[in-house]
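Here the structure is laid out as structure tokens; the discussion comes afterwards.
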Amino acid sequence: MKIPDSTYMMENGSIELPCTPEEEARIIQELISKAESNLKQGNLYYVISNRWFMDWQRYIRKLLGAYPFNELATESLPSLLPNSANRPGPVDNSDIIIREADSGDDDPQLLRTLEEGRDYVLVPQEVWEKLSEWYKGGPALPRKMISVGDAKQLSVEVFPLCLNLFDTRDKSHKALWLSKKASLHELYTIVCKLKEIAPEKAHIWDYFDKKKHTKLVASNQTLEDSNLQMDQDILLEVQPEGSLPSGFGFDSTGNDLALVPVEPLRSSVTIAGGPTLSNGFSTGYSSNAYQGSSLNSSYGDMEDGYDSLRPASKGERGGLAGLSNLGNTCFMNSALQCLVHTPPLVEYFLQDYTDEINRQNPLGMHGELALAFGELLRKLWSSGRTPVAPRAFKGKLGRFAPQFSGYNQHDSQELLAFLLDGLHEDLNRVKQKPYFETKDSDGRPDEEVANELWRYHRVRNDSVIVDICQGQYKSTLVCPDCNKISITFDPFMYLSLPLPSTATKTMTVTVFYSDGSGLPMPFTVTVLKHGYIKDLAQALEIACCLRIDEYLLLAEVYDHRVFRYFENPTEILNSVKDDEHIVAYRLPKRVAQLTRLEISHRCIIDSSKASERKLFLTPLVTFLEDPHNGADIDFAVHKVLAPLRRKAFISSAPGLKDGAENGSPSETIEVPMNSCTIQFGREGQSTECIDPVGNSSMELTFHLCLTDERGTNCRPVTKDTVIEPVRMQKVILDWTEKEYELYDASYLKDLPEVHKSGLTVKKTKQEAISLFSCLEAFLKEEPLGPDDMWYCPRCKEHRQASKKLDLWRLPDILVFHLKRFSYSRWLKNKLDTFVNFPIHNLDLSKYVKSTDLSESSHVYELYAISNHYGGLGGGHYTAYCKLIDDDRWYHFDDSHVSPVAESDIKTSAAYVLFYRRVKAQQNGVVGGSFQCHRSS
């Protein structure tokens with residue numbers, strides 16, 4: 001007996017009652033919704049391989065994107081589409097765990113290179129139990145939900161803290177996995193049970209980088225508050241009977257430093273998330289997270305040991321200390337090195353800034369972030385070439401910004417933005433912010449309005465960060481309907497510049513007439529390689545001579561279905577793969593008031609089995625004007641198919657062959673009339689439906705059935721079928737011998753691919769653009785996106801206004817962020833375009849619109865760069881920084897520091913550029929201009 005896909009064999013040989021894919025999807029979605037409504041610390045979630053989970057989603061023909069799935073990332077759109085997938089086998093997590101032979105532990109551990117969404121998903125306990133009941137398999141990988149940071153944000157701890165226990169008695173190592181929320185008392189309990197020793201005999205030390213730091217005392221303090229890091233060593237000493245505690249006065253190597261508490265207890269956090277480990281971080285369990293270079297020597301965590309507020313001075317050859325990698329913290333190290341080599345910040349934090357700390361600011365971090373940063377800066381400038389392990393700073397960072405906690409790779413610019421804002425709030429000299437109601441410009445002179453808003457801003461925001469890092473730009477909005485002009489002047493901390501690409505590509509799209517006035521025609525247009533859907537639409541509008549009362553609706557066709565419509569004009573073109581098939585439907589602009597009709601085609605697979613049908617041909621889209629019944633749909637189908645009628649096109653007509661040029665004729669292909677023998681791409685989805693052939697349907701010209709989004713639950717269309725007023729109606733047209741006789745189906749087959757690369761394409765030189773072209777692209781006028789509409793006070797409506805930016809006031813420290821990364825639901829992309837930026841004499845005078853002659857020079861000099869190498873979700877960050885006093889550049893690669901020639905610092909990896917203002921030339925010398933205005 002054949003068992004249907006919707007059933008499965010139980011262990012006892014019995015067959016489970018049928019559970020359709022739709023039922024499975026409904027049950028799981030209900031369980032997810034229930035879990036969402038009861039989020040709390042301690043809830044269990046389970047890790048499931050994304051490979052298996054995607055197979056299951058194909059089977060249920062639904063993409064689950066709600067929390068905690070976080071809009072599952074994918075690099076291939078067709079892989080998500082329903083494609084008649086069979087029921088998957090048992091849950092298989094073997095591809096995401098360390099093999100037992102490697103881990104040496106009964107509790108399987110996750111591979112350290114995993115990324116959520118790409119490699120695994122998290123499901124609530126109830127979902128796992130149901131999937132396990134249905135499919136069996138495993139192994140089960142439970143993880144707890146914990147609270148993260150001061151805000152108590154809930155997060156699933158995917159990668160528990162791994163500590164390497166070093167036993168001084170036999171020099172043995174043992175890896176322990178505990179939650180970061182576990183207490184030191186729990187750690188002692190586990191260690192004592194494992195080693196079979198009495199708790200009072202055990203002494204455990206923080207042994208980071210194989211150096212004794214703080215003795216860990218059994219208490220309720222958590223491991224995260226004890227500043228323990230992923231994969232670091234902890235040292236176990238066991239006190240012999242009748243002896244003094246081991247190490248009294250000496251450490252395990254005989255050094256008389258054991259009594260020096262190098263790292264006092266502090267409130268620091270290292271929480272949820274886990275390492276992506278794409279930057280050279282060891283995937284083993286050794287204690288050295290990142291090996292040093294020729295510059296490193298024996299060093300420990302040096303973020304302590306003296307008063308961080310007492311005035312300090314630069315040490316000999318200061319500023320050449322690296323930062324050790326604590327596990328995917330290269331992004332943090334890169335941003336920090338750029339900041340600690342910012343001359344006015346060095347000057348500020350080496351002095352006594354006690355009076356500037358604002359502990360009452362509700363927008364700040366009680367001064368703790370500023371203190372941690374200041375302490376770290378002092379260490380880096382006083383430790384010579386000895387690398388510093390920024391454990392305490394990372395703990396503070398994770399506590400106040402949970403998004404940076406754990407050991408995942410992050411964005412150095414996002415961290416920089418948080419640090420600059422956080423330092424400003426912690427050092428804001430304004431304790432009570434006055435309230436000001438901003439007024440519209442109302443035709444007043446720009447200088448007056450700009451100065452007024454800048455005064456308002458400075459009265460509320462007064463810190464060293466504002467003094468040196470904040471500028472002001474002018475924003476002009478124009479209503480497209482009433483021409484209302486709104487001008488505002490806003491502060492900025494950095495400028496995020498787009499990378500305008502001059503590289504182009506060709507894209508082939510087939511254009512269909514929705515009103516049946518012409519045959520479908522493929523058009524090949526040239527667009528910017530890194531452009532947007534709106535650029536493709538504009539190119540097609542010109543190519544197909546679109547009428548003024550029409551617009552193009554772009555869609556992707558896959559497996560003879562409309563997979564998705566491109567209704568977001570700002571979606572990047574890189575989301576469209578070269579082998580996909582894109583169509584454009586010419587629709588009237590008034591279609592918003594009409595019902596859109598999507599028509600899919602179906603044929604009989606075997607003439608002896610009329611019930612077995614499959615989809616074929618390209619879907620058509622037309623519109624219905626005030627539809628009432630089935631006759632209206634029948635008429636619309638008749639109208640849109642009219643150009644395909646054989647009696648009107650007896651001679652050869654243009655087809656849609658891959659190799660056909662725009663408008664060139666190709667031979668008409670005759671289609672057999674008694675069966676569906678033409679194969680189009682991948683085999684279509686079989687759709688069960690009530691047979692529309694019946695007496696009532698004979699009144700209409702076509703055999704049609706109404707269907708839903710999934711192409712199921714079809715019901716036949718009759719003359720009297722009532723049509724509900726909806727935005728879009730989907731129907732399936734069943735082709736019979738009559739349709740084959742009347743219409744030439746070849747016009748709806750063999751859609752060309754978007755881009756077919758030639759076999760002999762020449763390798764082009766890497767594209768290069770200038771920093772000035774990036775700045776001009778940032779400042780150019782452009783319409784707001786549909787999701788960013790402006791409320792026009794005159795029209796009293798949200799309008800898609802045009803926006804123009806101009807620089808008005810520039811800061812002493814000017815930071816440029818090159819927007820190399822772009823994200824969408826379907827794609828993550830990085831631009832490796834080389835940006836040619838000036839190192840000296842960056843003159844921005846022509847871009848500054850203020851006429852205030854009292855403002856300083858607009859000439860800048862480069863002093864630091866944050867670099868990113870590699871792709872998204874990983875890669876590696878480094879920094880180039882200039883020691884101003886030495887007039888020399890150095891390369892900071894975590895703990896590795898080495899000199900670099902100025903001619904070598906321009907690369908396509910440049911991500912964030914740091915410039916300092918230089919004074920006007922005096923006596924042939926150009927100097928720096930830094931002033932930190934302290935409160936008296």
Side-chain angles (χ1 to χ4, degrees), residues 292-297 299-306 308 310-325 329-353 370-390 392-393 412 415-416 419-420 423 464-465 468-469 812-813 815 839 861-867 877-902 904-905 912-918 927-930 932:
S293 67
S294 59
L295 289 176
N296 69 2
S297 57
Y299 64 95
D301 185 354
M302 300 182 62
E303 289 186 70
D304 48 76
Y306 60 85
S308 62
R310 187 176 303 160
S313 60
K314 297 180 183 178
E316 184 179 357
R317 303 295 295 171
L320 291 179
L323 288 165
S324 57
N325 192 308
T329 56
C330 60
F331 77 96
M332 180 181 75
N333 294 347
S334 174
L336 284 173
Q337 290 289 9
C338 292
L339 284 181
V340 300
H341 285 86
T342 297
L345 290 183
V346 176
E347 175 188 340
Y348 179 88
F349 282 100
L350 288 182
Q351 298 178 19
D352 184 357
Y353 54 97
L371 288 171
F373 176 80
E375 183 181 358
L376 179 59
L377 180 144
R378 288 163 176 250
K379 291 299 180 185
L380 289 169
W381 278 95
S382 63
S383 62
R385 289 175 176 257
T386 304
V388 174
F393 180 82
S412 68
L415 173 66
L416 175 69
L419 284 179
L420 289 176
L423 290 174
V464 62
I465 302 300
I468 66 173
C469 294
D812 286 343
I813 298 298
V815 179
I839 298 176
E861 179 182 76
L862 186 73
Y863 71 89
I865 308 171
S866 175
N867 301 303
Y877 286 93
T878 68
Y880 291 130
C881 299
K882 182 178 183 180
L883 265 64
I884 307 298
D885 294 341
D886 295 349
D887 194 27
R888 293 191 64 184
W889 285 86
Y890 292 87
H891 183 211
F892 293 83
D893 184 359
D894 290 330
S895 58
H896 308 245
V897 180
S898 58
V900 61
E902 184 175 272
D904 294 334
I905 66 173
V912 185
L913 306 174
F914 293 76
Y915 284 88
R916 66 188 188 107
R917 192 200 303 274
V918 294
S929 172
F930 307 113
C932 302

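What's counted below: heavy atoms across the whole structure, side chains too, no hydrogens, waters or symmetry copies. Just so it is clear, the structure is predicted and the values come from calculations on it, not from any experiment.
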Before giving the answer on side-chain hydrogen bond (donor to acceptor under 3.5 Å, both in side chains), spell out for Thr342 and Tyr863 the whole-Å C-alpha distance, their side-chain angles and the decisive distance to 0.1 Å.
CA-CA 8 Å; Thr342 297; Tyr863 71 89; 2.7 Å; yes

Which label fits Phe331 and Tyr877: parallel for a plane angle under 30°, tilted from 30 to 60°, or perpendicular past 60°?
perpendicular

Relative to each other, are the rings of Phe892 and His341 parallel, tilted or perpendicular (30° and 60° limits)? tilted

Separation between [atom1] of [X] and [atom2] of [Y], rounded to the nearest 0.5 Å:
X      : Y      : atom1 : atom2 : result
Leu376 : Leu371 : CG    : CG    : 12.5 Å
Leu913 : Cys338 : CG    : SG    : 9.5 Å
His891 : Asp904 : NE2   : CG    : 11.0 Å
Ile905 : Ile839 : CD1   : CD1   : 4.0 Å

pair Met332-Ser412: side-chain heavy atoms closer than 4.5 Å = no

Quick check: do Ile813 and Tyr915 have side-chain heavy atoms less than 4.5 Å from each other? no

Is a side-chain donor or acceptor of [X] paired with a backbone partner of [Y] at a separation under 3.5 angstrom?
X      : Y      : result
Asn333 : Leu323 : yes
Gln337 : Thr878 : no
Ser382 : Arg378 : yes

Run the numbers on Leu862 and Trp889 for side chain to side chain contact (heavy atoms under 4.5 Å, CB included), then give the verdict. CA-CA 11 Å; Leu862 186 73; Trp889 285 86; 3.9 Å; yes

Next item on the list: Would you check, one step at a time, whether the test side chain to side chain contact (heavy atoms under 4.5 Å, CB included) holds for Leu377 with Leu350?
Entry: CA-CA 8 Å; Leu377 180 144; Leu350 288 182; 4.0 Å; yes

Step-by-step ring pair (Phe, Tyr, Trp, His ring centres under 6.0 Å) determination, Phe373 to Phe349: CA-CA 9 Å; Phe373 176 80; Phe349 282 100; 5.1 Å; yes

Distance alone, cut at 3.5 Å: any donor-acceptor contact between the side chains of [X] and [Y]?
X      : Y      : answer
Ser895 : Ser324 : no
Ser898 : Tyr890 : no
Ser334 : Ser866 : yes

Heavy-atom closest contact ([X] atom, [Y] atom, distance):
X      : Y      : value
Ala370 : Leu423 : CA-CD2, 3.7 Å
Cys469 : Leu420 : SG-CD2, 4.4 Å
Cys330 : Asn325 : N-ND2, 3.7 Å

- Message: Show, in sequence, the C-alpha distance, side-chain angles and deciding distance for Val815 and Val912, and conclude whether the side chain to side chain contact (heavy atoms under 4.5 Å, CB included) test is met.
- Response: CA-CA 7 Å; Val815 179; Val912 185; 3.5 Å; yes

Worked verdict on Arg917 versus Glu861 for side chain to side chain contact (heavy atoms under 4.5 Å, CB included):
CA-CA 6 Å; Arg917 192 200 303 274; Glu861 179 182 76; over 6 Å; no

